[in-house]
Amino acid sequence: MPAPSTLDELCLGLGRMRADAGSPSYAEIARRIGSLRDGAEPPKVTVYDCFRPGRRRVDDRLVGDIVRVLGGGRTVAARWRETATPSTARDRESTSR
């Protein structure tokens, strides 16, 4: 799946990835991320928020980790993380208007 160009596309794309991965719960995604982060598990509501369109910002590191635990490799995760980076997201949102 190509990297998204806006935060709304990012949120919708994460939803598609989640569905393709068998629709694990947000709590399960948080647990998997905790495994990547040596036990530092993000709150499931924070994970859930990354899937909600209409966001003005998201945690870029968390987005990369979500992509990885849903089956994306490091390279794919890095592209998605770049989209979620605050300055990149702001630049893309302003040019899409």
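In this chain, numbering begins with 1 at the start of the sequence shown.
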If you apply the rule side chain to side chain contact (heavy atoms under 4.5 Å, CB included), what do you find for Leu14 with Trp80, and how did you get there?
CA-CA 10 Å; Leu14 288 177; Trp80 282 65; 3.9 Å; yes
Using every non-hydrogen atom in the two residues, find where [X] and [Y] come nearest and quote the distance to one decimal.
X	Y	answer
Ile66	Cys50	CD1-CB, 3.8 Å
Val63	Ala84	CG2-CB, 3.9 Å
Pro42	Leu62	CG-CD1, 3.9 Å
Thr83	Thr6	CG2-O, 4.2 Å

Sequence neighbours left out, what passes ring-ring contact (aromatic ring centres under 6.0 Å, His included) with Phe51? Give chain and number order.
Tyr26
Report yes or no: do Leu12 and Tyr48 belong to one cluster of Ile/Leu/Val/Met/Phe/Trp/Tyr joined by side chain heavy-atom distances under 4.5 Å?
no
Looking at residues at least two apart in the chain, or sitting in another chain, which of them share a side chain to side chain contact (heavy atoms under 4.5 Å, CB included) with [X]?
X	result
Pro24	Arg18, Ala21, Glu28, Ile29, Arg32, Leu70
Ala27	Ser25, Arg31, Lys44
Ser35	none

pair Asp60-Arg81: side-chain heavy atoms closer than 4.5 Å:
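Yes. Closest side-chain heavy atoms under 4.5 Å.
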Rounded to the nearest 0.5 Å, what separation is found between the CG atom of Asp8 and the CZ atom of Arg56?
10.5 Å
Give me each pair satisfying side chain to side chain donor-acceptor pair (under 3.5 Å) with a member in residues 65-78, each pair once, sequence neighbours excluded.
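For residues 65-78: Arg37-Asp65.
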Once side-chain hydrogen bond (donor to acceptor under 3.5 Å, both in side chains) is applied, do any residues pair with Glu41, and if so which ones, sequence neighbours excluded?
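Scan of Glu41 (side-chain hydrogen bond (donor to acceptor under 3.5 Å, both in side chains), adjacent residues dropped) gives none.
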Under 3.5 Å: donor-acceptor pair, side chain of Glu9, backbone of Ser5:
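Indeed, once roles are kept as given, a pair shorter than 3.5 Å links the two residues.
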